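Here is how names work: the chains are called A, B, and so on, in the same order as the sequence lines, proteins then strands, and each is numbered from 1. Model, not experiment: these values are computed from the prediction.
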There are 2 protein chains.
Amino acid sequence: MRLNEALETLKNEGYKYTKKREDILSFFTEEDGYRTASDLLNYMADKYDGLSYDTVYRNLHLFRDLDILESTDLNGEKHFRLSCGHDEHHHHFICHSCGKTKTIKACPMNYIQQDFPGYTIENHKFEIYGKCPACQ
Amino acid sequence: MRLNEALETLKNEGYKYTKKREDILSFFTEEDGYRTASDLLNYMADKYDGLSYDTVYRNLHLFRDLDILESTDLNGEKHFRLSCGHDEHHHHFICHSCGKTKTIKACPMNYIQQDFPGYTIENHKFEIYGKCPACQ
DNA sequence: ACAGTAAATCGTAATCATTCTTATTTACAA
DNA sequence: TTGTAAATAAGAATGATTACGATTTACTGT
């Protein structure tokens, strides 16, 4: 179960256990797709009255730094999902209606022949956008 | 010259000629790389005192709608460059130090075998980030 | 169980990019 | 030259995100 694994990571790295952190992680394990800070805030608002922005963003960034979450920019807003860190490197189809993803197994970096003399390549992004079967 | 071509497009589409529009286009023809709204605002500020945000954003969006500019999200901020619309479909290496780009000729969509049954594919993004030779 | 301490959170203000609104100015067509 | 729609100015509003001082809480060692 991804949730316990993530809680374990937190513990190992010396971060404290809080119910809020568990709930944030539950949200993402349940959701399986890209979600925004305010999606999370809404979810948490049911249980926690007056939850601070600070808490939401601080934890989102912490989790991303610990590779528990990964993020992408979608129309000017950061979207987060559970990290696929352990799996083989891959990319995502992202449904821009529901945010759910589908793995793209291939990575374009393996296919481009072109070289970039004098350039330093640091990272790359490949995403396909559209509608998933459920959102047609 | 790309600039005249762009001014021509504006005229053909029934938009008015203004010196500001010409200067905005000059900025991008000179720059050759991804630039933000505030990069442009700074450039324009020399000539135009109290230039309105509205003018900057309205024209950036207009130019993008007319395919004179193209844009991409880079760390939560929109970046614009002259459109490569006429050229064959391609992607970009983007130097995240100076914003200059290099064409990637291949498109991953031609290489992925995987199909997406029931999915509608609307668009895609492939970008490589790093440092260009000049920014090493 | 208990106290000390650093980490986590709250409450809220600040910031940054962007959009919106109203009044005014301007390019251009008749 | 004049009428009109388009363009702009000035600045307020919005939305996402970050910052910060004050308070609370999880955990460590006793």
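- Applying the side-chain contact (heavy atoms from CB on, under 4.5 Å) test to K125(A) and every residue at least two apart in sequence or in another chain returns T72(A), D73(A), E127(A), Y129(A), K125(B), Y129(B).
- Between N75(B) and dA17(C), a side-chain N or O to OP1/OP2 separation shorter than 4.0 Å is absent.
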Are there any protein N/O atoms within less than 3.5 Å of an N/O atom in nucleotides 1-4 of chain C, and if so, which ones and at what distance?
none

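- Grouping Ile, Leu, Val, Met, Phe, Trp and Tyr residues whose side-chain heavy atoms lie under 4.5 Å apart, directly or via other members, places Y111(B) in a hydrophobic cluster with Y111(A).
- More than 12 heavy-atom neighbours from other residues, nucleotides or ligands sit within 6.0 angstrom of CD on Q136(B).
- Secondary-structure stems of DNA chain C, taken as three or more successive Watson-Crick or G-U wobble pairs (i with j, i+1 with j-1) under a 3.5 Å distance threshold, comprise C:1-30 with D:1-30.
- Within the nucleic acid shown, H61(B) comes within 4.0 Å of sugar-phosphate atoms alone, with no base atom in reach, counting heavy atoms only.
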- Query: Step by step, would you call E70(B) with H92(B) a side chain to side chain contact (heavy atoms under 4.5 Å, CB included)?
  - Reply: CA-CA 12 Å; E70(B) 60 186 62; H92(B) 287 125; 3.5 Å; yes

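- Not counting sequence neighbours, the partners of N4(A) by the side-chain contact (heavy atoms from CB on, under 4.5 Å) test are M1(A), L7(A).
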Distance-only check: which donor-acceptor pairs under 3.5 Å involve side-chain atoms of residues 49-56 of chain B, not counting sequence neighbours?
from: S52(B); atom 1: OG; to: D54(B); atom 2: N; distance (Å): 3.0
from: T55(B); atom 1: OG1; to: R58(B); atom 2: NH2; distance (Å): 3.4

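- To the nearest angstrom, C1' of dT18(C) lies 15 Å from CG of D73(A).
- Following rounding to the nearest Å, R58(B) (CZ) and dT26(C) (C1') show an atom-to-atom distance of 12 Å.
- For the pair E31(B)/K100(B), no side-chain contact is recorded, criterion being any heavy-atom separation below 4.5 Å from C-beta on.
- With ring centers used as reference points, H124(A) lies under 6.0 Å from H89(A).
- Scored by the side-chain hydrogen bond (donor to acceptor under 3.5 Å, both in side chains) test, D23(B) finds K19(B), K47(B), Y48(B) as partners (sequence neighbours excluded).
- Across the protein-nucleic acid pair, L7(B) atom CG and dC28(C) atom P stand 11 Å apart, rounded to whole Å.
- Distance H79(B) NE2 to dA17(C) C1': 12 Å, rounded to the nearest Å.
- A donor-acceptor pair under 3.5 Å is absent between the side-chain atoms of E122(B) and the main chain of H96(A), judged by distance alone.
- Listed by chain and residue number, Y57(B), R64(B), F80(B) satisfy the side-chain contact (heavy atoms from CB on, under 4.5 Å) test with H61(B) (two or more places apart in sequence, or in another chain).
- Counting non-hydrogen atoms of other residues, nucleotides and ligands closer than 6.0 Å to OH of Y15(A) gives a total of 12 or fewer.
- At a non-hydrogen distance threshold of 4.0 Å, K16(A), Y17(A) from residues 12-29 of chain A come into contact with DNA chain D.
- When DNA chain D is scanned in the 5' to 3' direction for atoms under 4.0 Å from non-hydrogen atoms of chain A, the outermost contacting nucleotides are dA16(D) to dC27(D).
- Using modelled atom types, one side-chain atom of Q114(A) and one backbone atom of T103(B) make a donor-acceptor pair closer than 3.5 Å.
- Summarising the local packing, CD of E88(B) is surrounded by 12 or fewer heavy atoms from other residues, nucleotides or ligands at distances under 6.0 Å.
- Looking at residues two or more places apart in sequence or on another chain, you find a ring-ring contact (aromatic ring centres under 6.0 Å, His included) between F27(B) and Y43(B).
- In terms of modelled atom types and a separation under 3.5 Å, the side chain of S38(A) and the main chain of L41(A) share no donor-acceptor contact.
- Of the residues in residues 46-57 of chain B, those with a non-hydrogen atom less than 4.0 angstrom from any atom of DNA chain D are G50(B), L51(B), S52(B), D54(B), T55(B).
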